[in-house]
Amino acid sequence: MHPSPSSGRIALAALAAIILTACSASPAPSGSAAPPSLAPSAPLVALASHPASVPPAATPAPTVTPTPDTTRNPTESPDPTPIATPRPTPIPGCGTGRAGLFAHNGEVPETLHFGFATIEYTSISVSMRDGSYDASDSVPGGIGLTPDESAVVVAPGAHIILRADGLTLTGTVARVVPWSTVTFDDLASSPATPEDLPWRLRTDGSISVSAPIVVGDYEVEFFPAWVGTCIAGSGAAYSRIKVR
């Protein structure tokens with residue numbers, strides 16, 4: 001009896017099922033590599049995007065180009081330029097510099113007038129009025145004062161005029177010590193503490209000095225400043241006052 005075609009197909013299908021079951025149950029040969037896993041692709045994509053050992057990269061901040069600040073600092077000069085050193089402005093007829101100073105050195109006074117007395121003046125500094133040259137010296141005190149110095153005799157607090165011929169006095173120091181404290185060893189000196197006398201400038205270029213208000217005999221010292229036509233200077237002068 002011949003089997004039918006359909007029964008043959010059933011037998012082959014059963015045989016294929018038995019063979020497939022046997023292959024699945026058989027262990028893998030020793031030393032052979034296991035077949036690659038065919039896990040779904042979605043988890044692999046997720047793992048590649050966010051691995052556990054590496055944090056997600058931060059989104060980079062957009063690049064911003066700073067806008068130049070065109071606002072000027074209010075403390076800055078709008079157009080800073082070097083400050084030029086001012087040059088002296090010569091006074092007509094005076095010249096300038098060292099030559100000018102020596103040419104007009106005759107303006108430096110040798111004497112001053114204090115009341116009716118003429119007293120010796122010692123120059124300490126001189127300069128050109130245009131500021132182009134100056135000179136100074138160091139001098140000892142007491143120059144010009146003598147043991148027999150003529151005294152200006154005045155009442156207590158009287159005003160005594162200090163002046164210079166052809167010059168304008170612009171200020172002074174005026175102070176006194178008792179005449180009895182003055183000693184003469186070549187030059188006059190005193191260990192006493194000087195007392196200042198009041199003074200004021202007058203419109204005619206002289207200085208009014210107020211005498212001491214206490215009766216007595218005094219040595220008076222001046223350190224006046226003056227201005228001439230082309231030069232200016234300062235110095236020292238000494239005199240004597242008797243207040244009665």
Side-chain angles (χ1 to χ4, degrees), residues 86-146 149-154 157-177 179 182 187-190 193-212 218-243:
R87 295 183 178 181
T89 302
I91 298 173
C94 291
T96 191
R98 184 174 184 271
L101 182 65
F102 276 79
H104 297 279
N105 199 45
E107 292 185 16
V108 179
E110 295 182 356
T111 60
L112 300 177
H113 303 287
F114 182 54
F116 294 103
T118 298
I119 59 178
E120 185 176 338
Y121 171 83
T122 301
S123 178
I124 296 176
S125 68
V126 290
S127 62
M128 290 295 295
R129 286 185 59 189
D130 67 1
S132 61
Y133 194 82
D134 60 76
S136 61
D137 196 3
S138 177
V139 299
I143 295 179
L145 193 65
T146 62
E149 189 76 24
S150 297
V152 178
V153 181
V154 294
H159 299 295
I160 312 170
I161 303 302
L162 178 69
R163 60 186 177 86
D165 292 333
L167 302 174
T168 298
L169 297 182
T170 59
T172 190
V173 170
R175 57 191 188 183
V176 296
V177 296
W179 183 263
V182 179
L187 296 174
S189 62
S190 172
T193 301
E195 295 184 8
D196 290 332
L197 295 180
W199 58 270
R200 64 178 179 85
L201 293 174
R202 290 164 48 99
T203 57
D204 61 359
S206 64
I207 293 176
S208 176
V209 181
S210 297
Y218 300 91
E219 178 256 354
V220 57
E221 56 187 8
F222 302 104
F223 299 97
W226 52 270
V227 173
T229 302
C230 298
I231 65 176
S234 62
Y238 300 87
S239 188
R240 185 177 182 179
I241 301 174
K242 285 187 178 182
V243 178

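In what follows, residues are counted from 1 in the order of the sequence shown. Values in this document were obtained by computation on a predicted structure and should not be read as measured data. Just the heavy atoms: all of them, side chains too, but no hydrogens, waters or symmetry mates, feed the values below.
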Requested in this report: Start with the C-alpha gap between Val154 and His159, add the side-chain angles, then the distance that decides, and say whether side-chain contact (heavy atoms from CB on, under 4.5 Å) holds.
Outcome: CA-CA 8 Å; Val154 294; His159 299 295; over 6 Å; no
If you round to the nearest 0.5 Å, how far is [atom2] of [Y] from [atom1] of [X]?
{"X": "Trp226", "Y": "Ile231", "atom1": "CH2", "atom2": "CD1", "value": "4.0 Å"}
{"X": "Arg98", "Y": "Ser132", "atom1": "CZ", "atom2": "OG", "value": "12.5 Å"}
{"X": "Thr146", "Y": "Arg240", "atom1": "OG1", "atom2": "CZ", "value": "9.0 Å"}
{"X": "Ser206", "Y": "Leu169", "atom1": "OG", "atom2": "CG", "value": "7.0 Å"}
{"X": "Glu149", "Y": "Glu219", "atom1": "CD", "atom2": "CD", "value": "9.0 Å"}
{"X": "Leu201", "Y": "Leu162", "atom1": "CG", "atom2": "CG", "value": "10.5 Å"}

Shortest non-hydrogen separation from [X] to [Y] and the atoms involved:
{"X": "Leu187", "Y": "Gly142", "value": "CD2-O, 4.2 Å"}
{"X": "Ala237", "Y": "Leu112", "value": "CB-CD1, 4.0 Å"}
{"X": "Val176", "Y": "Pro212", "value": "CG2-CG, 4.2 Å"}
{"X": "Ala188", "Y": "Leu145", "value": "CB-CD2, 3.7 Å"}
{"X": "Pro90", "Y": "Asp130", "value": "CA-OD2, 3.7 Å"}
{"X": "Val209", "Y": "Ala174", "value": "CG1-CB, 4.2 Å"}

Please confirm whether the backbone N or O of [Y] pairs with a side-chain atom of [X], one donor and one acceptor, at under 3.5 Å?
{"X": "Tyr121", "Y": "Gly235", "answer": "yes"}
{"X": "Arg163", "Y": "Gly205", "answer": "no"}
{"X": "Glu120", "Y": "Ile143", "answer": "no"}

Requested in this report: Go through the steps to decide whether Arg129 and Val227 satisfy the test side-chain contact (heavy atoms from CB on, under 4.5 Å), and finish with yes or no.
Outcome: CA-CA 8 Å; Arg129 286 185 59 189; Val227 173; 3.6 Å; yes
Requested in this report: Determine the sole option in Val108, Asp137, Val139 for which the side chain to side chain contact (heavy atoms under 4.5 Å, CB included) test with Ser123 is passed.
Outcome: Val108
Report summary line: Sorted by chain and number, sequence neighbours left out, side chain to side chain donor-acceptor pair (under 3.5 Å) with Arg175 holds for Glu221
**Report entry** side-chain contact (heavy atoms from CB on, under 4.5 Å) evaluation trace for Leu197 with Ser210
**Finding:** CA-CA 6 Å; Leu197 295 180; Ser210 297; 5.7 Å; no
Report task. From the options Phe222, Trp199, Tyr238, select the one residue that forms a ring pair (Phe, Tyr, Trp, His ring centres under 6.0 Å) with Phe114. Result ->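 Result for ring pair (Phe, Tyr, Trp, His ring centres under 6.0 Å) with Phe114: Phe222.
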